[in-house]
Amino acid sequence: MDIKYLSAREVNEKLDMKSCIGIMKDVFMAFADEKIENKLRSVLPIDHGKLLGIMPAVLPYRETAGAKLITVFHDNFKIGLPSHQGIVAVFSTEDGQLQGICDGSAITAIRTGAVSALATDFMANKDARTMCLIGGGVQADMHLKAITLVRDIDTVTIWCPTLAESTAFCEKHRAEYPAITFVPCENCADAVKDADIICTVTPSSTPVLMGEWVKEGAHINAVGACAAAAREIDSACVVKAKLVCDNYVSCKNEAGDYLFPLKEGLITEEHILADLARVVSGKAVIRTDVKDITMFESQGLACEDVACASWLVNQ
Ligand SMILES: NC(=O)c1ccc[n+]([C@@H]2O[C@H](COP(=O)([O-])OP(=O)(O)OC[C@H]3O[C@@H](n4cnc5c(N)ncnc54)[C@H](O)[C@@H]3O)[C@@H](O)[C@H]2O)c1
């Protein structure tokens with residue numbers, strides 16, 4: 001049997017960010033109609049925080065079933081490798097045939113930025129111009145690419161653990177985005193204080209974003225912390241934010257950003273106002289005032305990966 005395989009290079013060439021935002025919109029619209037089976041990720045520990053994740057989903061609206069198999073090695077940036085590496089395999093729901101296999105690192109990178117852009121488009125103020133990135137790795141690159149497709153960003157501030165990394169990020173992107181002013185910041189509070197949109201994209205397990213720094217009207221995409229014991233956002237920030245999750249099951253099992261303030265008794269389960277499916281399908285409107293602080297809690301879902309792979313193998 002000839003198996004169609006799309007390498008990281010091919011995924012990056014074919015799956016442009018704009019198309020991916022559209023594919024993610026379709027996924028969440030289908031989710032709103034309960035047309036998706038999405039399994040909570042199984043995580044097997046390997047060693048010292050390194051993980052193997054298995055993420056299956058069935059997408060009847062695409063006649064596809066599939067799964068992502070992925071390793072997560074957070075320290076890989078030190079050796080020049082992506083933190084997420086793996087494959088996404090997709091099968092026909094008509095006859096069970098394997099339709100193809102795609103590189104999972106590239107799909108993870110692109111779809112995560114795309115989902116945040118989708119949430120931002122529905123939740124951020126329309127005139128948001130300033131974006132803060134906390135973290136300067138793969139997801140910072142992807143969030144720059146994705147968010148600039150849904151808002152007219154004119155200023156990007158960035159904070160990384162070292163000023164050298166923040167400066168290198170700015171230098172890497174200035175030529176591609178000549179209309180944007182890039183500001184590397186030594187202090188995270190300075191990076192955050194004027195931001196209309198804040199994206200936390202670090203593997204930190206302790207808060208990197210404090211509520212006291214966040215201005216009225218800001219929208220937050222909380223992306224990096226994907227385990228119950230890890231969080232990037234402090235409790236004060238979550239308390240004052242209108243919270244949307246990508247999926248209730250994932251959020252209640254995996255989102256330390258939500259679980260810590262819940263355990264501390266600072267919020268209740270009702271603090272999650274909606275999942276992204278309800279927001280995208282228009283069943284829930286989150287921002288009702290320009291001063292609202294909104295927050296999208298992203299865990300990453302199997303259905304996002306399977307939808308991308310299905311789209312790619314059917315091109
Ligand atoms: N929600 C999702 O769907 C999803 C998808 C992919 C990745 N992620 C998560 O997003 C995070 C970032 O992924 P990436 O691929 O950009 O990783 P990466 O390794 O490419 O970049 C990580 C960045 O965070 C910085 N960093 C490392 N430790 C830090 C700390 N303790 N405090 C502050 N900054 C720190 C690094 O300097 C680097 O700039 C990871 O935790 C990853 O698991 C989430």
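The chain is numbered in sequence order, starting from 1. Whatever order the structure lists them in is the order used to number ligands and atoms, beginning at 1.
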Checklist entry - Above 12 or not: heavy atoms from other molecules or residues under 6.0 Å from NZ of Lys215? => result yes

Checklist entry - Phe28: what forms a ring-ring contact (aromatic ring centres under 6.0 Å, His included) with it, not counting sequence neighbours? => result none

Item to check | Over 12 foreign heavy atoms within 6.0 Å of CD, Glu264 | outcome: yes

Checklist outcome for this item: Pocket residues around ligand 1 (non-hydrogen, under 4.0 Å) come out as His74, Phe77, Ser83, His84, Thr108, Arg111, Thr112, Gly135, Gly136, Gly137, Val138, Gln139, Trp159, Pro161, Glu165, Val201, Thr202, Pro203, Ser204, Val208, Val223, Gly224, Cys226, Ser298, Gln299, Gly300

Next on the checklist: Hydrogens and angles aside, do His84 and Thr108 bring a side-chain donor and acceptor to less than 3.5 Å of each other?
Outcome noted: no

Item to check | Residues forming a ring-ring contact (aromatic ring centres under 6.0 Å, His included) with His74, sequence neighbours excluded | outcome: none

Item to check | All side-chain hydrogen bond (donor to acceptor under 3.5 Å, both in side chains) counterparts of Thr162, not counting sequence neighbours | outcome: none

